[in-house]
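Because the structure is predicted, anything quoted here is derived from the model rather than measured. Numbers restart at 1 for each chain; the letters A, B, ... are given by sequence-line order, proteins then strands.
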Protein chains: 2
Amino acid sequence: MKDLSRRQQSILHFIEHFLDANDYPPTIRDIQTELGISSTSVVDYNLKGLEARGLIRRNSKISRGIELASRGSSRRNMVTIPVIGQIAAGQPIPVPGDLEGSDVTETVELGSDLMSNSGQGLFALRVKGHSMVDALINDGDVVVLRQQETCENGETVAVWLKEQRETTLKRFYLEGDHVRLQPANVTMDPIYTPAENVEIQGRLVGVVRSID
Amino acid sequence: MKDLSRRQQSILHFIEHFLDANDYPPTIRDIQTELGISSTSVVDYNLKGLEARGLIRRNSKISRGIELASRGSSRRNMVTIPVIGQIAAGQPIPVPGDLEGSDVTETVELGSDLMSNSGQGLFALRVKGHSMVDALINDGDVVVLRQQETCENGETVAVWLKEQRETTLKRFYLEGDHVRLQPANVTMDPIYTPAENVEIQGRLVGVVRSID
DNA sequence: TGTTGACACGAACATGTGTTCTCTCATATG
DNA sequence: CATATGAGAGAACACATGTTCGTGTCAACA
C-alpha cells in the first residue's frame with residue numbers, strides 16, 4: 001500500500017488538533033479552509049483515501065461524521081472511579097451501596113490500560129492515616145478496589161477484622177481454618193487470624209498517589 | 001436556581017449516551033426524534049436552559065456544536081505520560097532527552113485532577129526492585145516525575161548519589177552544605193550526604209500502582 | 001378574572017455541510 | 001502519440017441542521 005500523500009498527512013494532523021481543541025469533529029469545509037485547499041471535493045477525495053486505509057471512519061450524510069480510528073477508542077478508554085469515602089484503620093469501609101444519591105464530589109480518572117476491565121464494580125477510597133504503610137500505602141493515597149466478598153489466595157484485599165474492629169489491606173492466604181494476612185512490605189511479618197474473623201470488603205486493584 | 005425539568009434531564013442523559021456511542025455530538029434533531037419531542041424549537045429551548053446553568057456549551061451556527069461541560073473538560077483533562085524507562089537503585093535515571101525517536105511503547109494516562117498542571121515536562125519510570133520501599137514504592141510501580149535539576153526543601157525528588165553510584169527517591173532538605181534525604185516512610189532514618197554528592201534528576205509528582 | 005411566565009408546538013427560513021459531476025493537468029504506460 | 005491514472009479545481013445540488021416566530025397550554029397569582 002502506498003504511503004500517505006503530504007496532503008493526507010496534514011489532513012490527518014488537522015483532524016487530531018481540531019479534536020483536541022473542540023470536542024467535535026471538523027467539517028470538510030473546516031479542513032478545506034484551514035489547509036487552504038481549493039475545493040471541498042479534494043478534501044472528500046483525500047478523506048476517502050484515509051478511510052480506505054482505516055485511519056478514519058466516516059458516517060456519510062452525517063455532518064462532522066469523521067471519527068479517528070486511533071482516537072475513538074482511546075477516548076473511551078478512560079475509566080472514572082468515584083472516591084466514595086475514606087479508609088482508615090479503625091473504621092469500617094464504606095461500600096458502594098451506601099452512596100444512595102450521595103453526591104460523590106471526587107473522582108479518579110485512569111487510562112484503562114491501568115485497569116484490567118471497564119471499571120465496572122470499582123470504587124476508590126482515600127487513605128487516612130499511616131496504618132497501611134506495611135502495604136506501601138501512605139496517608140492521602142487513593143486506593144482503588146473492586147467490590148467482592150471472596151477472593152483467591154494471594155490477592156490483596158481490604159478486610160475488616162471483626163474482633164479487632166479494624167480495617168487492613170493485606171495479601172490473603174487461606175490456610176486451613178485460619179487466614180494469613182501478609183503485608184506487601186516484604187520486611188514485615190504476617191498476621192494469622194481465624195477465618196471467621198475476616199470479612200473481605202474488596203480486592204485491591206490499584207493505588208494512586210498524587211504529590212502536591 | 002430551579003431544578004432541571006424532566007425533559008432537560010433526559011436531554012442531558014441522551015447527550016451523554018450519544019457521546020459514549022458516537023464520538024461526535026448529536027444534532028438537535030437527533031435529540032428530538034430520540035426523545036419523541038414534537039419540535040426542534042423545544043429542544044433548542046431546553047438546550048438554552050441547560051446552557052444557562054453551565055451544564056453544556058453550545059457553539060451556535062455550528063452543527064453538532066454541543067459540548068458537555070462535564071465531558072468536554074474531563075476528556076481534555078487527561079494527560080498522557082510516557083513511560084520512558086526503568087528506575088532502579090544501582091542505575092542512573094533515563095532522562096527525557098534520551099528518548100530521541102525511541103519508540104515509547106508504554107504510557108500512563110491520568111485525569112489531570114491528579115496532576116497539578118498540564119502534564120508538560122512529566123515523564124514516568126517503572127520501578128525495578130525493592131530499593132524504594134522506604135519511599136512506599138513497590139517493585140513494578142510507576143513513578144511520575146517532573147524534570148528539574150533543582151528543588152525546594154521538603155519536596156520528594158529522584159536523586160543520583162554520585163559517590164554511591166545509586167539512585168534514590170527521598171524528601172530533600174538542604175542543611176548548610178549537607179543534604180538530608182528523608183524517607184517517606186516515617187519509621188526509617190534519613191541519610192546525610194554532602195550537597196556536591198547529590199544530583200537532582202526530577203521531582204516526584206505521582207505514583208501509580210496497578211495490581212493485575 | 002385577567003396576567004404572567006414557564007413550557008411546548010409547528011412551520012418556515014437560512015445556513016451549514018456532504019455529495020457529485022464535469023474539467024484540468026501532469027505523469028506514467030503502452 | 002494515444003490512453004490511462006492519480007490528483008485537484010470549481011460549481012452546483014440536495015439534504016442536514018441551527019434559528020426564529022407566532023401561537024397555544026396551563027398553573028400560579030394578584
Side-chain angles (χ1 to χ4, degrees), chain A residues 1-19 21-69 71-72, chain B residues 1-19 21-69 71-72:
Chain A
M1 179 169 282
K2 279 186 56 184
D3 284 348
L4 290 162
S5 71
R6 189 177 331 280
R7 200 158 248 184
Q8 286 171 329
Q9 285 183 37
S10 56
I11 287 177
L12 204 53
H13 275 151
F14 172 68
I15 295 174
E16 288 170 3
H17 288 169
F18 193 97
L19 244 39
N22 283 309
D23 250 9
Y24 46 80
T27 66
I28 286 185
R29 282 177 179 79
D30 286 334
I31 301 171
Q32 182 200 354
T33 59
E34 176 64 25
L35 299 184
I37 298 174
S38 60
S39 170
T40 59
S41 66
V42 177
V43 180
D44 185 63
Y45 174 78
N46 286 289
L47 246 29
K48 278 185 178 131
L50 289 173
E51 189 180 19
R53 67 198 74 193
L55 293 170
I56 62 173
R57 227 167 323 125
R58 291 183 76 192
N59 302 41
S60 71
K61 292 285 187 181
I62 285 187
S63 82
R64 300 174 185 278
I66 303 175
E67 301 178 75
L68 276 179
R71 199 70 69 95
Chain B
M1 180 167 280
K2 280 187 53 183
D3 283 348
L4 292 164
S5 71
R6 189 176 332 280
R7 198 157 248 183
Q8 286 171 328
Q9 284 182 37
S10 55
I11 287 178
L12 204 53
H13 275 153
F14 172 68
I15 295 175
E16 288 171 2
H17 288 169
F18 193 97
L19 244 40
N22 282 310
D23 251 8
Y24 47 80
T27 66
I28 286 185
R29 282 176 179 79
D30 286 335
I31 300 171
Q32 183 200 354
T33 59
E34 175 65 23
L35 299 183
I37 298 174
S38 60
S39 169
T40 58
S41 65
V42 177
V43 181
D44 185 62
Y45 174 79
N46 286 290
L47 246 29
K48 279 185 177 131
L50 289 174
E51 188 180 19
R53 68 198 74 194
L55 293 170
I56 61 173
R57 225 166 325 125
R58 290 183 75 193
N59 302 40
S60 71
K61 295 283 189 181
I62 285 188
S63 83
R64 301 176 186 277
I66 303 174
E67 301 177 77
L68 275 179
R71 199 73 67 95

Visitor: Using only modelled atom types and a 3.5 angstrom limit, is any donor from either the side chain of R29(A) or the base of dG18(C) paired with an acceptor on the other?
Guide: yes
Visitor: Could you report the tightest heavy-atom contact between F14(A) and P26(A), atom names first, then the distance?
Guide: CE2-CB, 4.0 Å
Visitor: dG8(D) base to S41(A) side chain: any donor-acceptor pair below 3.5 Å?
Guide: no
Visitor: Report which part of the nucleic acid S39(A) touches: base, sugar-phosphate, or nothing (heavy-atom distance under 4.0 Å, all strands).
Guide: base
Visitor: Identify the two heavy atoms, one from N59(A) and one from E67(A), that lie closest to each other, and give their separation to 0.1 Å.
Guide: OD1-OE2, 3.3 Å
Visitor: Verify the contact: side-chain N or O of R58(B) to OP1 or OP2 of dT19(D), cut-off strictly under 4.0 Å; return yes or no.
Guide: yes
Visitor: For T40(A), which contact category applies under a 4.0 Å heavy-atom criterion: base, sugar-phosphate, or nothing?
Guide: base
Visitor: Has Y45(A) got a side-chain N or O lying under 4.0 Å from the OP1 or OP2 atom of dG8(D)?
Guide: no
Visitor: When you match G36(A) and G65(B) each to their closest nucleotide on DNA chain D, which lands nearer the 5' end?
Guide: G36(A)
Visitor: Could you tell me the separation between the CZ atom of R64(B) and the P atom of dG16(C), rounded to a whole number of Å?
Guide: 16 Å
Visitor: Kindly say whether L47(A) contributes a backbone atom to a donor-acceptor pair with the side chain of Q8(A) at under 3.5 angstrom?
Guide: no
Visitor: Find the distance K61(B):NZ to dT17(C):P and express it as a whole number of Å.
Guide: 11 Å
Visitor: Expressed in angstrom and rounded to an integer, what is the separation of I37(B) atom CD1 from dT17(D) atom C1'?
Guide: 16 Å
Visitor: Tell me the interatomic distance from Y24(B), atom OH, to dT17(D), atom P, rounded to whole angstroms.
Guide: 9 Å
Visitor: Nearest 0.5 Å, what's the CD1-CG distance between I66(B) and D23(A)?
Guide: 12.0 Å
Visitor: For dA8(C) and S38(B) - does any side-chain N or O of the residue sit under 4.0 Å from the phosphate oxygens OP1/OP2?
Guide: no
Visitor: Just the rounded figure in Å: distance from P of dC9(C) to CD1 of I28(B).
Guide: 15 Å
Visitor: What distance do R64(A) atom CZ and D30(A) atom CG have between them, rounded to the nearest 0.5 Å?
Guide: 5.0 Å
Visitor: Is any side-chain N or O of R7(A) closer than 4.0 Å to OP1 or OP2 of dA7(D)?
Guide: no
Visitor: Under 4.0 angstrom, heavy atoms only, what part of the nucleic acid is S60(A) near: base, sugar-phosphate, or nothing?
Guide: sugar-phosphate
Visitor: Under 4.0 Å between a side-chain N/O of N46(A) and OP1 or OP2 of dG8(D), yes or no?
Guide: yes
Visitor: Using whole Å, report how far CG of D44(B) lies from P of dC21(D).
Guide: 12 Å
Visitor: Using only side-chain N and O atoms of S63(A), determine if any of them is under 4.0 Å from OP1 or OP2 of dT17(D).
Guide: yes
